[in-house]
Q: 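Input: one structure, supplied below.
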Amino acid sequence: MVTVYTCQNGVRIVSEEIPHVRSISVGIWVGAGSRFELPEENGITHFIEHMLFKGTKTRSARQIAEEFDRIGGEINAFTSKENTCYYAKVLDHHGQLAVSILADMFFNSSFDQNELDKERQVVLEEILMSEDAPDDDVHEQLWRVMYPTDALGLPILGTSETLSTFTSDTIRQYMEKYYFPENIVISVAGNVTNDLLLHIEKLFGRYERTDKAMETALTNPTFHSGRFVKERDVEQSHLAISYPAIGIKHPDLNSFIALNNIIGGNMSSRLFQEVREERGLAYTIFSYQSCYADVGAFTIYGSTNNQQLTIMHETINETLQKVRTEGIKESELSNAKEQLKGSFVLGLESTNSRMSRNGRNELIHGRHKTIDETIAEIDQVSMDKVDRLIESIFSVDPAVSIIGQGVK
């Protein structure tokens with residue numbers, strides 16, 4: 001059972017006890033992501049994520065790594081467009097130590113100038129690596145097409161220009177805005193004890209927000225159709241197509257996920273079968289959904305040799321047009337719902353996945369559905385709901401991003 005305790009300062013502690021396991025997964029979830037950055041701040045949320053691993057007043061970066069290696073634990077973090085998470089997984093009897101180290105990183109990171117300069121170069125290499133990989137770059141460029149005037153369209157990693165401006169002062173100023181108690185969720189799952197929960201409250205339940213704290217504001221950005229093409233000397237051309245869709249709080253979210261599964265979410269999907277199995281046009285072809293607080297996207301990606309790009313693009317469009325004009329079959333929807341239920345339940349078999357689900361649910365929804373409630377909602381997905389989504393999503397001209405040799 002998931003329990004939520006709100007500390008006196010507003011920090012929420014979400015816990016799920018799984019007594020038959022011997023591990024603990026704990027995550028610090030922050031309601032800060034790249035879409036809340038000012039243009040000149042682009043990439044700072046991700047840079048802060050890196051810098052929290054670079055040493056505190058009492059631990060060097062190497063000591064942080066060595067302490068987790070010594071106990072056989074894992075520690076990592078990620079930044080998305082709407083939130084950041086710092087997390088660890090350890091054996092249950094090392095739970096308090098893991099929380100103590102995470103809290104030390106969270107509250108006492110030194111942001112030493114030498115470490116700032118070194119990590120700036122590390123992130124720059126990460127940016128260059130993404131730009132060098134056309135299958136990554138084509139998606140980054142796609143978001144720029146979709147939201148050219150909104151932070152949602154900017155890269156999470158930032159740019160070399162913005163990265164060069166970040167200092168310890170700008171980092172602290174940004175953290176004062178978004179790293180405040182009410183914007184923090186501590187999620188823990190596994191063999192959780194009351195002593196561990198008291199330890200978390202002791203470390204996180206007493207700090208206070210400053211007068212610089214800001215509530216994150218959604219911009220409700222407008223989707224733009226358009227086309228981006230980059231000529232590049234590559235063996236394969238890379239194509240990404242995106243349509244505007246629903247946000248994560250929309251009541252038809254499960255219908256959207258089911259529709260994605262039917263169109264391109266797995267090996268039995270229409271795109272996989274038509275583009276790869278029937279016509280042999282691509283090795284990689286799939287679709288996926290991106291859902292944020294207020295907006296979403298339905299995206300298709302495929303790569304093929306440069307000579308076959310046009311025919312692959314046409315085949316994708318024909319497949320989508322057939323879905324729009326003829327709809328889907330009852331058998332496809334039934335299969336998609338069973339796939340959803342199976343992947344949902346199987347995805348909860350680790351303490352880390354439970355921690356992630358609970359942290360994200362608390363931060364975004366402020367509530368926690370049981371497994372049975374979620375399965376019941378999936379069962380409520382109907383042909384009518386999916387048909388409405390099909391008409392809504394595919395009635396708009398898409399955004400398109402292409403990287404390849406000889407493309408136009």
Side-chain angles (χ1 to χ4, degrees), residues 11 26-65 68 75-88 99 101-130 151-152 154-187 203-204 207-210 212-217 292 356 359-360 363:
V11 169
V26 58
I28 305 171
W29 290 79
V30 188
S34 61
R35 74 171 300 187
F36 306 119
E37 299 166 345
L38 298 173
E40 63 270 20
E41 295 174 332
N42 180 223
I44 194 170
T45 315
H46 174 257
F47 191 60
I48 290 170
E49 175 220 308
H50 275 241
M51 287 307 304
L52 259 62
F53 287 81
K54 302 309 292 182
T56 70
K57 298 172 184 176
T58 58
R59 290 180 172 93
S60 67
R62 180 168 185 163
Q63 286 173 321
I64 292 171
F68 273 91
I75 183 170
N76 212 329
F78 65 83
T79 304
S80 71
K81 290 184 183 290
E82 291 187 334
N83 52 63
T84 309
C85 179
Y86 306 88
Y87 62 93
V99 170
I101 298 173
L102 285 171
D104 190 27
M105 294 163 53
F106 192 79
F107 293 115
N108 302 315
S109 284
S110 55
F111 305 126
D112 175 78
Q113 186 61 49
N114 288 333
E115 294 294 344
L116 276 167
D117 292 338
K118 286 191 292 185
E119 203 61 25
R120 198 189 320 274
Q121 185 60 38
V122 170
V123 175
L124 179 58
E125 293 297 329
E126 189 177 0
I127 292 171
L128 294 174
M129 182 175 67
S130 177
L152 198 60
L154 295 177
I156 293 172
L157 301 181
T159 66
S160 58
E161 291 77 20
T162 56
L163 188 63
S164 66
T165 67
F166 300 153
T167 66
S168 59
D169 286 340
T170 57
I171 285 174
R172 290 190 172 93
Q173 289 166 8
Y174 183 83
M175 293 183 73
E176 284 182 338
K177 283 198 298 184
Y178 297 120
Y179 280 53
F180 58 89
E182 296 87 349
N183 208 29
I184 305 296
V185 170
I186 313 297
S187 179
L203 293 173
F204 289 92
Y207 84 102
E208 299 177 355
R209 66 187 288 165
T210 70
K212 297 178 181 178
M214 294 176 56
E215 303 294 334
T216 53
Y292 299 103
S356 296
R360 191 176 288 108
L363 198 61

Q: Backbone N or O of Ala32 within a donor-acceptor pair of the Thr45 side chain at under 3.5 Å?
A: no
Q: Restricting to side chain to side chain contact (heavy atoms under 4.5 Å, CB included), what partner residues turn up for Glu208, sequence neighbours left out?
A: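 Partners of Glu208 under the side chain to side chain contact (heavy atoms under 4.5 Å, CB included) test: none.
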Q: If you take all heavy atoms of Arg120 and Leu163, which pair is closest and at what distance?
A: NH1-O, 2.8 Å
Q: Side chain of Asn183, backbone of Tyr178: donor and acceptor closer than 3.5 Å?
A: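 Checked: pair present.
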Q: Does any N or O in the side chain of Glu119 come within less than 3.5 Å of the main-chain N or O of Phe47, such that one atom is a donor and the other an acceptor?
A: no
Q: Minimum heavy-atom separation for Thr56 and Ile64, please, with both atom names.
A: CG2-CD1, 4.5 Å
Q: Indicate yes or no: at least one non-hydrogen side-chain atom of Lys177 is less than 4.5 angstrom from one of Glu41.
A: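 Contact flag for Lys177/Glu41 side chains = yes.
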Q: Nearest 0.5 Å please: distance from the OG atom of Ser356 over to the OH atom of Tyr87.
A: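 If we round to the nearest 0.5 Å, Ser356:OG and Tyr87:OH are 7.5 Å apart.
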Q: Looking at residues at least two apart in the chain, or sitting in another chain, which of them share a ring pair (Phe, Tyr, Trp, His ring centres under 6.0 Å) with Phe53?
A: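 By the ring pair (Phe, Tyr, Trp, His ring centres under 6.0 Å) rule, Phe53 matches no residue at all.
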Q: Return the set of residues passing ring pair (Phe, Tyr, Trp, His ring centres under 6.0 Å) with Phe68 (not counting sequence neighbours), or none when no residue passes.
A: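 Checked Phe68 against ring pair (Phe, Tyr, Trp, His ring centres under 6.0 Å); zero matches.
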Q: With sequence neighbours left out, write down each residue that passes ring pair (Phe, Tyr, Trp, His ring centres under 6.0 Å) with Phe107, or none if nothing qualifies.
A: Phe204, Tyr207
Q: Keeping the roles fixed (side chain from Ser130, backbone from Ile127), state whether a donor-acceptor pair exists under 3.5 Å.
A: no
Q: Any luck finding a side-chain donor-acceptor pair between Gln113 and Asp117 under 3.5 Å?
A: yes
Q: Hey, mind stepping through Leu52 and Phe111 against side chain to side chain contact (heavy atoms under 4.5 Å, CB included) and telling me if it holds?
A: CA-CA 8 Å; Leu52 259 62; Phe111 305 126; 4.0 Å; yes
Q: Spell out, as yes or no, whether a donor-acceptor pair under 3.5 Å connects the side chain of Lys81 to the backbone of Leu152.
A: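 Yes, because the side chain of Lys81 sits within donor-acceptor range (under 3.5 Å) of the backbone of Leu152.
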Q: Roughly how far, to the nearest 0.5 Å, is the CG atom of Leu38 from the CG atom of Leu154?
A: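 One finds 11.0 Å between CG of Leu154 and CG of Leu38.
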Q: Before you tell me yes or no, could you show the steps for Phe78 and Asn83 under side chain to side chain contact (heavy atoms under 4.5 Å, CB included), namely the whole-Å CA-CA distance, both residues' side-chain angles and the distance that decides it to 0.1 Å?
A: CA-CA 9 Å; Phe78 65 83; Asn83 52 63; 3.9 Å; yes
Q: Excluding sequence neighbours, so at least two apart, what forms ring pair (Phe, Tyr, Trp, His ring centres under 6.0 Å) with Phe36?
A: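 In terms of ring pair (Phe, Tyr, Trp, His ring centres under 6.0 Å), with neighbours along the sequence ignored, Phe36 is linked to no residue.
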Q: Just how far is it from atom CG of Leu128 to atom OG of Ser160, taken to the nearest 0.5 Å?
A: 7.5 Å
Q: Looking only at atom types and distance, does a side-chain atom of Asn42 sit under 3.5 Å from a main-chain N or O of Ala151, one as donor and one as acceptor?
A: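 No; zero donor-acceptor contacts below 3.5 Å.
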Q: Just wondering, do Leu116 and Phe166 contact through their side chains at under 4.5 Å, heavy atoms?
A: no
Q: For Leu203 versus Ala103, what's the shortest heavy-atom pair and its separation?
A: CD1-CB, 3.9 Å
Q: Taking side chain to side chain contact (heavy atoms under 4.5 Å, CB included) as the definition, give me every residue that meets it alongside Lys212, ordered by chain and number, with sequence neighbours left out.
A: Glu176, Thr210
Q: Using every non-hydrogen atom in the two residues, find where Ser34 and Ile156 come nearest and quote the distance to one decimal.
A: OG-CG1, 3.5 Å
Q: Please report the C-alpha distance between Met105 and Ile28 in whole Å, then the side-chain angles of each, then the deciding distance to 0.1 Å, and finally whether the side chain to side chain contact (heavy atoms under 4.5 Å, CB included) criterion is met.
A: CA-CA 11 Å; Met105 294 163 53; Ile28 305 171; over 6 Å; no
Q: Do the non-hydrogen side-chain atoms of Ile101 and Arg59 ever get within less than 4.5 Å of each other?
A: yes
Q: I want to check something: taking the side chain as every heavy atom from C-beta on, are Glu37 and Ile44 in contact at a cut-off of under 4.5 Å?
A: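 Yes, their side chains come closer than 4.5 Å.
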Q: Pair Leu102, Ile186 - check side chain to side chain contact (heavy atoms under 4.5 Å, CB included), show working.
A: CA-CA 11 Å; Leu102 285 171; Ile186 313 297; over 6 Å; no
Q: Looking at every heavy atom in both Ser110 and Arg172, which two are closest together, and how far apart are they?
A: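 What the structure gives for the nearest pair is O-NH2, 3.3 Å.
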Q: Can you give me the closest heavy-atom contact between Ala213 and Arg209, atom names plus distance?
A: CB-NH2, 3.4 Å
Q: Going by the side chain to side chain donor-acceptor pair (under 3.5 Å) test, name the single residue among His50, His46, Glu49 that passes it with Thr79.
A: Glu49
Q: Please tell me whether Phe106 and Trp29 form a close aromatic pair, meaning their ring centres lie under 6.0 Å apart.
A: no
